[in-house]
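Note sheet for the following structure.
Keep in mind that this is a model prediction, so the values were computed, not measured.
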Amino acid sequence: MRRFCALLACLVGSNTAADPMFQDMSQALPLHQYEGGWTHFVGGGVAVFDCNGDARPDIFAAGGSAPARMIRNDGDFAFTQVPLPLLIGVTGAYPIDMDADGHRDLFVLRVGPNVVLRGTGDCRFEDATASWGLPRHDQWSTAFTAWWEDDARPVMAVGNYVDRDDPDGPFEACDHNVILRPTGESYTAQPLTPGYCALSILAARDASGTRRLRLSNDRHYYVSGGHEQMWDIASRRFLGAQDGWQNVSLWGMGIASRDITGDGRDEVMLTSMGDQLLQIAGPDGTYTGAPFSIGTYAQRPHVGGDGRPSTGWHAEFGDIDNDGRADLFIAKGNVDQMPGMATRDPNNLLMQTPDGLFVERAASAGVAAMERSRGAALADFDGDGRLDLIVTNRRAPLMLYRNVTQDTGNWLKVGLRQPGGNRDAIGATITVTTAQHTQTLQRIIGGGHAGGHLLPLHIGLGAAPAAEITVTWPDGSLSTHNIRANQTRLLQKP
């Protein structure tokens, strides 16, 4: 607790935060919802990215037993469904530029063989699974992350849930996860074992500054003997007590990573049934559970009268009011009809205050929906510099909210570009400095729950009219840029 308070002391307060407010724009979307039985109790992710080069975020939504949908953003909250290869059994998807051609591709997670869709421009896609040499396995995939180890093609990790072919399952029947490594013109699958039913995987720099894989696992099926995991990318092994890794067992659903203390190290939010666990990154490279008083545990519904524990899924940090402090959205919803858990389980919008605490504002902001929410994304759909919100639901339509918060601060959106196979500079870090704040953001693919986005990084600046941006590129080189507020900038690697 003392160390956490010391870390928070480096935060400098600014103007009083604006009260967040969202306008329900769900009717602007084509009708779509995440359907299915047991194999689609989990999943339901959404991928948000620019599929046609017009600088507007477009939407790929998993459908479960219904077809997945590709939805184009036509501007001013007008959306059109566009053709997509027929995909059934989709649990989620992540945007990634696998061939560095400037068109975003999609790694699509399924109950059954996963699919890679190659973007060809104008929001069109073709199945490139076979031509790119991706192994096909009949597993139940629920998590994904990617990183680059050279200047060619990405290394990717796929998290798999229960082994549906295990006759002694489903309990204690967690499938193995897989690392997909480029070999020549194809990919080789390397088992990542043991697997404890991963529902989220994230490749990012941890509290020690080392690039590692964090796996969040669902103890509902591993039951005992399992735990959250950390896999070291360089040494290719799981960390243990000798590395300072402390096992934590929970009903892991999603991962969100963001520096909220201003020390350059990412804190980690782990969603779960019951408590949502925020881990504070320490200067010694280890993590400490945040004090309950921080306001992020969100363990029970905040409105609706259901006093049973909540079930958290997708979590995402983002600066809703552009005050220079990261806020937190958590998608909530009962797995199906679990009697011990809340069935009226509203989503959370936790706004960070100048003292580093978080306060619940979902109900007053208009985003405390009671559907069985799963995936989500914070993205600026209308280009006004404020983060909007899309939420996917199990057996209920997509929800879309326009951020209409008044008196928000200044902002920047920063894209990165470098030559070679890692065109989007995944693995880079940007440090944003103003007179009021220092913020550090990583450029990553992965985490969340069954979905994520590949967009320019969004930074709130508060009252600052400009910011100094220092980019630590994936190869460790640095570049510094002075940028005026309220614009989108694409920074090229020198």
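- Tested against Thr433 for a side-chain contact (heavy atoms from CB on, under 4.5 Å), the candidates Asn482, Thr438, Ile469, Thr470 yield a single pass: Thr438.
- At distances below 3.5 Å, not a single donor-acceptor pair connects side-chain atoms of Glu468 with backbone N or O atoms of Thr480.
- Of all heavy-atom pairs spanning Met98 and Met156, the tightest one is CE-CE, 3.6 Å.
- Using modelled atom types, one finds a donor on one side chain and an acceptor on the other under 3.5 Å when comparing Ser373 with Asn347.
- The side-chain heavy atoms of Thr286 and Gln246, taken from C-beta on, include no pair separated by under 4.5 Å.
- At a cut-off of 3.5 Å, with distance as the only test, a side-chain donor of Asn247 or Trp245 sits close to an acceptor on the other residue.
- Side-chain contact between Leu213 and Thr145 is present, with at least one heavy-atom pair separated by less than 4.5 Å.
- In this structure, the side chain of Asp206 does not engage the main chain of Arg212 through any donor-acceptor pair within 3.5 Å.
- A donor and an acceptor atom, one from each side chain of Asp266 and Gln442, are located under 3.5 Å apart.
- Residues Ala362 and Leu349 share a closest heavy-atom pair of CB-N, 3.4 Å.
- The residues Asp50 and Arg56 are annotated as not salt-bridged, no charged nitrogen and carboxylate oxygen being separated by less than 4.0 angstrom.
- Nearest approach of Asn422 to Pro474, heavy atoms of both residues: ND2-CG, 3.9 Å.
- Side chains of Val268 and Ile255 form a contact here, defined as non-hydrogen atoms less than 4.5 Å apart.
- Within the structure, the ring pair (Phe, Tyr, Trp, His ring centres under 6.0 Å) test picks out no pair touching residues 454-494 (sequence neighbours left out).
- Contact annotation: the side chain of His302 approaches that of Asn348 to within less than 4.5 Å [non-hydrogen atoms, C-beta and beyond].
- Between atom CE of residue Met25 and atom CD1 of residue Ile390 there is a gap of 12.5 Å, rounded to the nearest 0.5 Å.
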Cut-off 3.5 Å, no hydrogens considered: what does the side-chain donor-acceptor table look like for residues 423-430, sequence neighbours left out?
unit_1: Asp424; atom_1: OD1; unit_2: Arg104; atom_2: NH2; d: 3.2

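- A donor and an acceptor atom, one from each side chain of Asp259 and Gln439, are nowhere located under 3.5 Å apart.
- For the side-chain contact (heavy atoms from CB on, under 4.5 Å) criterion with Glu316, the lone passing option out of Met269, Arg258, His453 is His453.
- Interatomic distance, CG of Leu202 versus OG of Ser257, reported as 5.5 Å (0.5 Å rounding).
- Of the possible polar contacts, one joining the Asp323 side chain to the Arg325 backbone as a donor-acceptor pair under 3.5 Å is found.
- Remark: the backbone N or O of Phe79 is not paired with any side-chain donor or acceptor of Asn73 at under 3.5 angstrom.
- Atom CH2 of Trp132 is separated from atom OH of Tyr187 by 8.0 Å, given to the nearest 0.5 angstrom.
- By the neighbour-count criterion of 12 heavy atoms within 6.0 Å, atom CH2 of Trp251 is sparsely surrounded, having that number or fewer from other residues, nucleotides or ligands.
- In this view, Arg72 and Asp74 satisfy the salt bridge (charged side-chain N to carboxylate O under 4.0 Å, His left out) rule, not counting sequence neighbours.
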**Asked** Which is it for Gln190 and Arg181 under the side-chain hydrogen bond (donor to acceptor under 3.5 Å, both in side chains) test, yes or no, and what are the steps along the way?
**Response** CA-CA 8 Å; Gln190 301 174 350; Arg181 292 191 177 279; 2.9 Å; yes
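- Checked by atom type and distance alone, the side chain of Asn322 never pairs as donor or acceptor with a backbone atom of Leu461 at under 3.5 Å.
- Residues Thr296 and Phe358 form a side-chain contact, since some pair of their non-hydrogen atoms from C-beta on lies under 4.5 Å apart.
- Formation of a donor-acceptor pair under 3.5 Å by the Asn114 side chain with backbone atoms of Arg110 is found in this model.
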**Request:** Using the side chain to side chain contact (heavy atoms under 4.5 Å, CB included) rule, take Met70 and Asp58 through it: C-alpha gap first, then chi angles, then the decisive distance, then the call.
**Result:** CA-CA 8 Å; Met70 186 70 223; Asp58 306 297; 3.8 Å; yes
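- Taking a cutoff of 4.0 Å between a charged side-chain nitrogen and a carboxylate oxygen, Asp232 and Arg237 do not qualify as a salt bridge.
- A search for side chain to side chain contact (heavy atoms under 4.5 Å, CB included) contacts involving Arg489 returns Ile483, Gln487, Leu491, not counting sequence neighbours.
- With hydrogens and angles disregarded, a donor-acceptor distance shorter than 3.5 Å links the side chain of Arg386 to the backbone of Thr405.
- Of all non-hydrogen atoms in Ala203 and Ile444, the two that sit nearest each other are O-CG2, 3.7 Å.
- Pairs engaging residues 311-330 under the ring pair (Phe, Tyr, Trp, His ring centres under 6.0 Å) rule: Trp313-His449 [sequence neighbours left out].
- The stretch residues 151-161 participates, sequence neighbours left out, in these side chain to side chain donor-acceptor pair (under 3.5 Å) pairs: Gln139-Asn160, Ser141-Asn160, Tyr161-Asp218.
- At least one donor-acceptor pair under 3.5 Å links the side chain of Thr142 to the backbone N or O of Ala198.
- Ring geometry for Phe144 versus Tyr94: interplanar angle of 30 to 60°, hence tilted.
- No donor-acceptor pair closer than 3.5 Å links the side chain of Tyr297 to the backbone N or O of Leu278.
- Tyr287 OH to Arg265 CZ: the interatomic distance, rounded to the nearest 0.5 Å, is 10.0 Å.
- With values rounded to the nearest 0.5 angstrom, Leu117 atom CG is found 5.5 Å from Leu87 atom CG.
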**Request:** Apply side chain to side chain contact (heavy atoms under 4.5 Å, CB included) to the pair Asp97 and Asp99, showing each step before the final yes or no.
**Result:** CA-CA 6 Å; Asp97 191 352; Asp99 57 355; 3.1 Å; yes
**Message:** As a quick check of understanding, evaluate side chain to side chain contact (heavy atoms under 4.5 Å, CB included) for Asp380 and Asp388, giving each step before the final call.
**Reply:** CA-CA 5 Å; Asp380 182 6; Asp388 309 303; 3.7 Å; yes
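- Within the 4.5 Å cutoff, the side chain of Ile96 has no heavy atoms near those of the Leu106 side chain.
- In the model, Glu149 has a side-chain atom that pairs as donor or acceptor with a side-chain atom of Trp147 under 3.5 Å.
- Counted by atom type alone, Asn486 and Trp411 present one or more donor-acceptor pairs between their side chains at under 3.5 Å.
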**Message:** Checking Ile445 against Phe107 for the side chain to side chain contact (heavy atoms under 4.5 Å, CB included) test, could you report, in this order, the C-alpha distance in whole Å, the side-chain angles of both residues, the deciding distance, and whether it holds?
**Reply:** CA-CA 11 Å; Ile445 294 174; Phe107 194 101; over 6 Å; no
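- The shortest distance between side-chain heavy atoms of Ile330 and Leu350 falls below 4.5 Å.
- Atom SG of residue Cys174 and atom CZ of residue Arg219 lie 12.5 Å apart, to the nearest 0.5 angstrom.
- Pairing each heavy atom of Gln276 with each of Ser272, the nearest pair is OE1-N, 2.9 Å.
- Looking at Arg374 and Asn393, their side chains never come closer than 4.5 Å, going by heavy atoms from C-beta outward.
- Here the shortest heavy-atom pairing between Tyr34 and Ala62 reads CD1-O, 3.7 Å.
- For the pair Asp327 (side chain) and Gln352 (backbone), a donor-acceptor distance under 3.5 Å is present.
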